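Remember, predicted model here, so these are calculated numbers, not experimental data.
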Amino acid sequence: MKKLHLFVLLLLVVGGLQAQDNSSTEKSPKEEREQKKLKRISLFKQLEEGENLYQREFSVGARINTDGWSGFLEMGRRKSREKVTYYQFEFAEKKNPKEDKKPGSIKDIDQYGFVYSEKPYIYGKKNNFYQAKLGIGQQRLIGGKGNKNGVLVNAIFYGGLSVGLLKPYYLNVIDPNTGDAVQVKYGENAAYDQAFTDRSSIIGGAGFGKGWGEVTIVPGAHAKTGLRFDWARFNEVVSALEVGVNAEYYTKDIPLMVFQPDKKFFFNAYLALQFGKRWDKKK
């Protein structure tokens with residue numbers, strides 16, 4: 001009988017110890033909710049501030065080239081941790097470094113002394129040259145930013161097709177035969193060509209709208225390489241500076257200036273700013 005009492009007592013002691021141990025390891029519903037919340041915050045910070053894990057991105061930007069300017073739209077798709085394939089549409093204008101913008105001749109001076117002049121013009125300019133570009137490229141990760149105060153660095157490789165739009169550049173000049181004001185482009189006839197390059201005969205520019213009905217299409221190709229620095233505090237946002245070099249080739253010589261040689265190949269350096277956002281594929 002004593003043995004039975006001892007056995008029951010031992011069971012009670014062991015059961016009490018086990019219950020005490022279970023009660024110490026079990027968490028209240030409030031503690032579980034707090035733990036899940038902290039886990040979600042940790043994952044969010046990892047996604048937003050640490051390594052970029054977003055699958056899609058879209059941005060717009062502007063580029064200053066050593067021979068012109070451009071604006072672009074870009075759509076990217078992540079292929080792996082280190083690679084992003086992106087597609088870009090760009091509209092640009094090519095300018096000759098020798099371009100010299102001059103004010104138009106004085107048209108009138110009112111009673112208060114305000115001077116009214118003709119439209120400014122670029123001396124010796126033969127054509128405006130615009131380009132519509134479409135291409136595909138790849139970003140390759142060089143250095144991750146690690147936290148929200150870091151900078152994401154990518155190498156850029158890109159290439160595609162160009163459609164060049166060559167638009168005649170018109171001036172308002174004094175007709176050497178009649179003395180009237182006429183709108184002329186370079187290459188129409190010898191007399192007008194002389195007035196086109198004679199500063200004393202030039203009245204001013206004919207305006208942006210003149211010449212669009214005479215646009216010539218010139219096919220070409222382009223490629224670029226550079227470095228992109230993304231300084232956005234969070235990976236969901238694109239805020240980037242890009243520097244690099246760009247090369248373009250067209251199927252015929254592009255005449256930009258009267259006193260400068262025509263050429264098919266263009267090479268420039270550029271500086272670009274772009275802004276946009278990133279998101280997951282499921283969103």
Nearest-0.5 Å distance, CZ of residue Phe234 to OH of residue Tyr54: 10.0 Å
Distance-only, no hydrogens or angles: does the Arg278 side chain make a donor-acceptor pair with backbone N or O of Asn235 under 3.5 Å? yes
Between Asp193 and Lys185, does any side-chain N to carboxylate O distance fall below 4.0 Å? no
Is a salt bridge present between Glu99 and Lys101, judged by a nitrogen-to-oxygen distance below 4.0 Å? no
Of the non-hydrogen atoms in Ile122 and Tyr169, which two are nearest, and what is the gap between them? N-OH, 2.9 Å
Run the ring-centre check on Tyr250 versus Phe129 and record whether the distance is less than 6.0 Å. yes
Hey, could you give me the CG/CG distance between Asn127 and Leu166, rounded to the nearest 0.5 Å? 4.0 Å
Under a 4.0 Å threshold between the charged nitrogen and the carboxylate oxygen, would Glu57 count as salt-bridged to Lys277? no
Atom CD1 of Ile142 with >12 non-hydrogen neighbours under 6.0 angstrom: yes
Please verify the inter-ring angle class for Phe267 with Phe265; under 30° counts as parallel, over 60° as perpendicular, anything in between as tilted. parallel
State whether the number of non-hydrogen atoms from other residues, nucleotides or ligands found under 6.0 Å of Gln194 atom CD is greater than 12. no
Is it true that atom NZ of Lys167 has more than 12 heavy atoms of other residues, nucleotides or ligands lying nearer than 6.0 Å? yes
Do Lys125 and Phe196 form a cation-pi contact, if we require the NZ or CZ to be under 6.0 Å from the six-membered ring centre and within 45 degrees of the ring's axis? no
Could you grab the distance from atom OG of Ser239 to atom CG of Leu152, nearest 0.5 Å is fine? 11.5 Å
Centroid-to-centroid, His222 to Phe266, below 6.0 Å? no
Give, for atom NZ of Lys252 and atom OG1 of Thr216, the distance between the pair rounded to the nearest 0.5 Å. 5.0 Å
Basic-acidic side-chain contact under 4.0 Å: Arg228, Glu74: yes
Report the distance from atom OH of Tyr249 to atom OG of Ser162, rounding to the nearest 0.5 Å. 13.0 Å
Using the rule given for side chain to side chain donor-acceptor pair (under 3.5 Å), can you reason through Tyr192 versus Gln183, listing the C-alpha separation, both sets of side-chain angles and the distance that settles it, and then say yes or no? CA-CA 9 Å; Tyr192 285 168; Gln183 292 185 335; over 6 Å; no
Exercise: identify the closest heavy-atom pair between Ser70 and Asn65: OG-ND2, 4.1 Å
Between Lys102 and Glu118, is the closest basic N to carboxylate O distance under 4.0 Å? no
Taken to the nearest 0.5 Å, the spacing of Gln274 CD from Asp230 CG works out to 8.0 Å
Heavy-atom pair of closest approach, residues Gln88 and Tyr158: O-OH, 3.4 Å
Just by modelled atom types, is the Asn268 backbone N or O under 3.5 Å from a matching donor or acceptor in the Asp67 side chain? no
Is the distance between the ring centroids of Trp69 and Tyr130 under 6.0 Å? no
Please determine if Glu248 and Lys264 form a salt bridge, counting it only when a charged side-chain N lies under 4.0 Å from a carboxylate O. no
